[in-house]
Amino acid sequence: MAVIDTVTSEYYLRPLIISLSILTLSTVIYRHHSNLTTLPLIGTIITFLRHRHRLHDHLTDTLATANSLTLTLRNRIFTVEPTNLEHILQSNFINYINTNHYTYVFHELLGTGAKNSDSGHWFAQRRIATRILDTQCMKTFVFDTLQLHVSKTLMPHLSSSANNIIDLQQLFRKFSFDMICNVALGLDLKSMDCYRYELFVEAFDDVVEHVSYRFTSLVPVVWKLKRYFNVGSERKYKEGIERVNEFVMDVIKLKETGKVCERGQDIVSMLMNIRYDVGYQGEEKRKLLRDNAISFILAGTYPTSTALTWFFWLLDGHPHCKQMIREEISMLTSLSRNVHQPNLTFDELKKLNYLRAALSESMRLFPPVPINSTTAVYDDILPNGTYVEQGWCVDYSAYAMARMKNLWGSDCREFKPERWLDADGVFRILPLSIYFKYIVFNGGDRVCLGKEMAMFQMMSVVVMVMHEFEIEVVGGGGTPEKMADPPYGLSIYLSMKNGLPVRVKKRESDHVPRAKDRGVLVGLFGMVLVGLSFYKHKQYLKLAL
């Protein structure tokens, strides 16, 4: 029966797909002889097809010439005007919710978790998440977990890959996934069923990839029909969702019994230890815990690994910046208690001003989430006078905003960490006057709660990797010329299209002697001088006698 259903649904799908392809081809030909940007029925499909390989840059170029950095296209508004963003994300935040398309596409994966909800339900979950993430206990747990995974998995993998070519993007993604699973679920990867965990990792990757396909689909009706008939990629997606949900739910149930998976300092355990019903009980409460755990895993894996990938790509194309970071790390690690494994604390990492500036600049140019979208609940007028009708989508692009000359200056497309430093070389926290120019971590009431943790996580990884290894990008890194046509793929995250192949090389230690070491050297030198003096004095005594 299942085979019959599959054949029947494919029988109905083929003519539809062929018809849509013919329609698309016809409109492409029509667009070739027309100056129109949008057409009836198909909207922006033609533009999408022509600029699919550089969609974010096309949007950037279009917005740069738009009035007040805002573009209205049928029932959709694109804006990178900071006053508009302050209005949407803060002043009139309650009027702008997640787009129906966003929640619809993500529903199977994220359910009713905080990342996929709005209104009172979102506020309640947000308040609880803030309460957990702001505790010193959680911050310490995250940092200890990070150091453990860096020293026990990331560094050994790089060491074993010395002089070989690896995909750095994939390595960072796997490392970030393992680390955030430990933080969110309290998983001890050594004591668990590794085979089942690997199936979970594989399923999660497949699910996220398919969500990206849904978002970038030219004709959404195709995947919706495939989902309705449960065929093809949608059938595989459904199976992946079931595997992900089952794995996380089993962890939650084991924590409830306390027999195998005890409660600890991880996010799920802390949610279980506080009053976290939000109107749910029993199985519904477990599903809510599951949804939020998956949301944390998603938010803690892909943005962080994507940001680190672009950072090392840019450094390889800017040797001066790389050298500045090396010198800063060397100076700091020379004062650390453990030179060979610089497990720096939060306070020590804060002293790495240039590194933090370089990471901030890298994310400004290549934000992990390049574009966000909201929907207006009621009619509204933006500060620049743009009319927003109820139900219209308002999109804002962090990628495009970074490339606006009137926001960041004539050098906006350059990689310049110095723009984040004051005259004394100290990292500058963004003042409110330009806060909404930098929306890498979103902004206002929807600002990422874990942005500081994410920043220090990336800084710690960079310190450890650059202290021990030289990372050379195969084919060259992000030079100014290559930055003009960056190799990103079309996804919900700004991932590199074909990964980041790099060659890993071990480095010779170039640390400056620590104060303690210098004291030892001075002491030894003094002993040598005393010995020489004694020897000469003895010779004089012999002559006198």
Side-chain angles (χ1 to χ4, degrees), residues 56-72 77-93 96 303 306-307 310-311 314 321 353-374 380-386 388 393-423 426-452 454-455 458 480 483-484 486 488 493-494:
H56 296 297
D57 288 282
H58 174 66
L59 178 60
T60 300
D61 297 340
T62 305
L63 282 167
T65 59
N67 185 34
S68 298
L69 303 180
T70 304
L71 177 69
T72 302
I77 294 171
F78 297 89
T79 185
V80 288
E81 169 56 49
T83 57
N84 287 346
L85 296 184
E86 183 177 5
H87 180 81
I88 294 165
L89 297 172
Q90 186 166 293
S91 303
N92 199 20
F93 165 74
Y96 293 92
T306 300
W310 286 106
F311 176 77
L314 282 170
C321 296
N353 291 288
Y354 194 87
L355 172 57
R356 187 168 186 180
L359 277 166
S360 298
E361 179 71 351
S362 173
M363 288 189 288
R364 182 186 72 85
L365 289 165
F366 299 101
V369 181
I371 191 166
N372 276 289
S373 184
T374 62
D380 193 18
I381 297 179
L382 299 179
N384 70 344
T386 302
V388 184
C393 292
V394 181
D395 299 335
Y396 50 100
S397 170
Y399 183 94
M401 180 171 280
R403 289 157 176 79
M404 296 295 147
K405 291 182 179 180
N406 52 342
L407 296 181
W408 291 97
S410 58
D411 60 354
C412 60
R413 292 176 180 264
E414 298 177 25
F415 177 64
K416 291 183 63 176
E418 290 77 12
R419 76 175 80 242
W420 295 88
L421 302 173
D422 63 17
V426 178
F427 182 81
R428 295 184 300 174
I429 303 297
L430 280 177
L432 289 177
S433 59
I434 60 172
Y435 177 78
F436 286 97
K437 282 171 45 177
Y438 188 74
I439 52 171
V440 170
F441 294 101
N442 222 322
D445 290 332
R446 281 199 182 273
V447 69
C448 174
L449 293 177
K451 67 176 185 176
E452 286 300 315
M455 176 58 77
M458 290 185 289
M483 287 172 62
Y488 56 75
Y493 299 106
L494 197 70

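Counting from 1, the numbers follow the sequence of the chain as shown.
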Those residues that, when tested against Glu452, pass salt bridge (charged side-chain N to carboxylate O under 4.0 Å, His left out) (two or more places apart): Arg356
Holding to side-chain contact (heavy atoms from CB on, under 4.5 Å), I want the full list of residues that pass it with Pro368, two or more places apart in sequence or in another chain. Pro303, Thr306, Ala307, Met363, Val440
Decide yes or no for Leu382 and Val388: does some side-chain heavy atom of the first lie under 4.5 Å from some side-chain heavy atom of the second? yes
Working to the nearest 0.5 angstrom, can you tell me the gap between Phe93 CZ and Ile88 CD1? 12.0 Å
Taking the side chain as every heavy atom from C-beta outward, state whether Val369 and Tyr493 have any atom pair closer than 4.5 Å. yes
Holding to side-chain hydrogen bond (donor to acceptor under 3.5 Å, both in side chains), I want the full list of residues that pass it with Gln90, two or more places apart in sequence or in another chain. none
Residues in ring pair (Phe, Tyr, Trp, His ring centres under 6.0 Å) with Phe366, at least two apart? Trp310, Trp313
Counting distance only, does the side-chain N/O of Lys437 pair as donor-acceptor with the main-chain N or O of Leu407 below 3.5 Å? yes
Approximate separation, where rounding is to 0.5 Å, of Ser360 OG and Leu365 CG: 11.5 Å
So, taking the atom named OG1 in Thr374 and the one named CG in Asp395, what distance separates them when rounded to the nearest 0.5 Å? 7.0 Å
Output all residues satisfying side-chain hydrogen bond (donor to acceptor under 3.5 Å, both in side chains) with Thr70, sequence neighbours left out; order by chain, then residue number. Thr79, Asn84, Asn384
Which residues pass the side-chain contact (heavy atoms from CB on, under 4.5 Å) test with Ala358, sequence neighbours left out? Phe311, Ile325, Phe415, Pro417
Checking Tyr396 now: which residues fulfil ring pair (Phe, Tyr, Trp, His ring centres under 6.0 Å) with it, not counting sequence neighbours? none
Enter the distance from Cys321:SG to Leu355:CG here, rounded to the nearest 0.5 Å. 11.5 Å
At what distance, to the nearest 0.5 angstrom, does CE of Met401 lie from CD1 of Ile439? 4.5 Å
Taking Phe427's backbone N and O only, do any of them form a donor-acceptor pair with Asn353's side chain (distance below 3.5 Å, no angle check)? yes
side-chain hydrogen bond (donor to acceptor under 3.5 Å, both in side chains) involving Asp57 - partner list, sequence neighbours excluded: Tyr399, Tyr488
Restricting to salt bridge (charged side-chain N to carboxylate O under 4.0 Å, His left out), what partner residues turn up for Arg419, sequence neighbours left out? Glu361, Asp411
Could you walk me through whether Leu421 and Arg428 satisfy the side chain to side chain contact (heavy atoms under 4.5 Å, CB included) test, starting with their C-alpha distance in whole Å, then the side-chain angles of each, then the deciding distance to 0.1 Å, before giving a yes or no? CA-CA 6 Å; Leu421 302 173; Arg428 295 184 300 174; 5.9 Å; no
If you count heavy atoms of other groups shown closer than 6.0 angstrom to CG of Asp61, is the number above 12? yes
Mind checking what makes side-chain contact (heavy atoms from CB on, under 4.5 Å) contact with Ala400, not counting sequence neighbours? Thr60, Leu63, Val80, Ser397, Met404
Say whether, by atom type as modelled, one donor and one acceptor occur between the side chain of Arg364 and the main chain of Cys412 under 3.5 angstrom. yes
For the residue pair Leu494 and His56, what are the closest heavy atoms and their distance? CD1-CD2, 3.7 Å
Residue set satisfying salt bridge (charged side-chain N to carboxylate O under 4.0 Å, His left out) with Asp422, at least two apart, ordered chain then number -> none
Which heavy atom of Phe436 sits nearest to which heavy atom of Pro82, and what is that distance? CB-O, 3.7 Å
Please step through side chain to side chain contact (heavy atoms under 4.5 Å, CB included) for the pair Ser362 and Leu314, ending with a clear verdict. CA-CA 7 Å; Ser362 173; Leu314 282 170; 3.5 Å; yes
List for me each residue that meets side-chain hydrogen bond (donor to acceptor under 3.5 Å, both in side chains) alongside Asp380, sequence neighbours excluded, and say none if there are none. His87, Asn92, Tyr96
Nearest 0.5 Å please: distance from the CG atom of Leu69 over to the CZ atom of Phe78. 14.5 Å
